[in-house]
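Everything on this sheet refers to the single structure shown next.
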Amino acid sequence: MRKLFRNLFLSFIMVISYSLSGISVTNGTDLPHFPAGKFTRGTRTVQIGGVTRKVTYRSYLHIPYVSKPVDSAYQSMNVWVPDSIDGRAVDAANAPILLEIGVGGYLAVNNSVSHSADEKAGLALSSGYVVVYPGCRGRDNRFPDGTYFGKAPAAIADLKAAVRYIRYNKGILPGNTEWIISVGCSAGGALSALLGTSGNNHLFDNYLDQIGAADESDNIFAAACYSPITDLEHADMAYEWMFGKIPGRSGIADQKLSEELKNDFLHYQLSLNLDGINHFGIINANNYQNYLLMFYLIPSANEYLSRLTDDERQNYLANNKWITWENENSSFAFNDYVNHVGRMKGLPAFDDFNKQQPEPSLFGNSHTDARHFTAFSLQYSTSNSSAKPEKEVTGLVNMMNALYFTQNGLGSCAPHWWLRNGSSDNHTSQTVMINLATRLQNLGRDVNVKLFWDGGHCADYDQEGFIKWIGLITGYCIQ
């Protein structure tokens, strides 16, 4: 009996120790280690920095990263490790680890389908980095009986488990486990942002325990987010603020409803209390147009136009008379810019009344495909002015919002950030990414953020720049 009480006491002390260190206690004790000796070799040529490199690498495919997978076809990862570059041996033991998130539309990523290293992965390998490509569950996952098993927060729980598995295999899986950098676009960009802001948060403990994640921390060193579809409960408001008066495919949106959402955005934006860069002051719905123009849109247009030849620039300006170009500097009105971009989505843009968009489906449950997650859409759909989303849904919405964790100081936040969007992205409002960037800047994080002029959703016109940035923030360089 004395021995039993001693063991219970030691277990209690261990739980307290993990809690104080920010590491969640989960059941990963029977999780196999990384099979370092089981791999195949591959070779590819990569163009980087104006030169061609030949990279030989090891491929480890379909490695389970949890001990109690719901479906290992999704909860497994591919790992690529550089062996040599141009015939010169590479030791990747201390290399940065690029965690590529292949999620789009909050759909599942099936790891049983072979994924070869893509262009970004090729660039990373040619720089000596380790690349990890995890599968994960998504809103479309269903068992044969029709029940769903990938609704929120399954995807972020899986990705956290993947990060924990990397740390669980420190010294076995090549790479520096303190230099994990996530990257994704769209919903994948939102999940990358979540990894970056919610490290070691105890809201996820039960979900990680259920799948048998390793007993390790899941904070990361840096997050790269392209066109992140995040802050979903406020995204409809932001969309109407930006695109409310622009006709879409079905004509102009209901202006009464659009104005309601715009007014909601006014109050929400002010509540964030975001302090703009360069002593701009607090960003609100009334000055946000100027903020975007001054620090993001005009600099983006200037960079683009400056790179064109005189003839190319003249042709571009002739086709875009809303832009004025004088003394190597552009100027234009925000409304003309928005007209140039055009409206893509209906109203509401995310929590649509018919629940056909991806986001209501994200917040379904095992027996329900989609649920409204905003009071605005729920009240309109039910004709009940006092209707509110279920408490469970509100909790899930918080868990899928990177801003929620930065606003409440609830997670270990990555020190380095790379944020990118196309200036012509009309999948969401430009305020979504810029709010995230500004929050991170206000928290003192290193934030590298810009827009690609005329780029659309998930635009990425500087992949080499991103790979070089990883080298800058880590100080890593192959010898």
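Between Glu178 and Lys170, none of the side-chain N atoms (NZ, or NE/NH1/NH2) sits under 4.0 Å from a carboxylate O, so this pair counts as no salt bridge. Between Asp460 and Lys120 there is a salt bridge, since at least one side-chain N of the basic residue sits less than 4.0 Å from a carboxylate O of the acidic one. Under a 4.0 Å N-O distance rule, the pair Arg420/Asp462 does not qualify as a salt bridge.
For the side chain to side chain contact (heavy atoms under 4.5 Å, CB included) with His234, the lone residue among Tyr268, Tyr239, Phe350, Phe265 that qualifies is Tyr268.
How far CG of Asp352 is from CG of Asp236: 8.5 Å, rounded to the nearest 0.5 Å. Ser423 OG to Phe452 CZ: the interatomic distance, rounded to the nearest 0.5 Å, is 10.5 Å. Within the model, atoms OG1 of Thr177 and OH of Tyr168 stand 14.5 Å from one another, a figure rounded to the nearest 0.5 Å.
Counting non-hydrogen atoms of neighbouring residues, nucleotides and ligands closer than 6.0 angstrom, the CZ atom of Phe353 exceeds 12 such neighbours. More than 12 heavy atoms of other shown residues, nucleotides or ligands fall within 6.0 angstrom of atom CG in Asp275.
The distance between the ring centers of Tyr291 and Phe295 falls below 6.0 angstrom. Centroid-to-centroid, the aromatic rings of Tyr288 and Trp241 come within less than 6.0 Å.
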* **Worked verdict on Lys160 versus Glu216 for salt bridge (Lys or Arg N to Asp or Glu O under 4.0 Å)** => CA-CA 10 Å; Lys160 283 176 170 289; Glu216 300 289 344; over 6 Å; no
* Asked: Is there a side chain to side chain donor-acceptor pair (under 3.5 Å) between Trp179 and Tyr129 once you walk through the steps?
  -> CA-CA 10 Å; Trp179 284 345; Tyr129 308 161; over 6 Å; no
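Both the sub-6.0 Å distance and the 45° axial angle are not jointly satisfied by Arg343 relative to the ring of Phe243.
Looking only at atom types and distance, the side chain of Arg167 has no donor-acceptor partner in the side chain of Tyr165 under 3.5 Å away.
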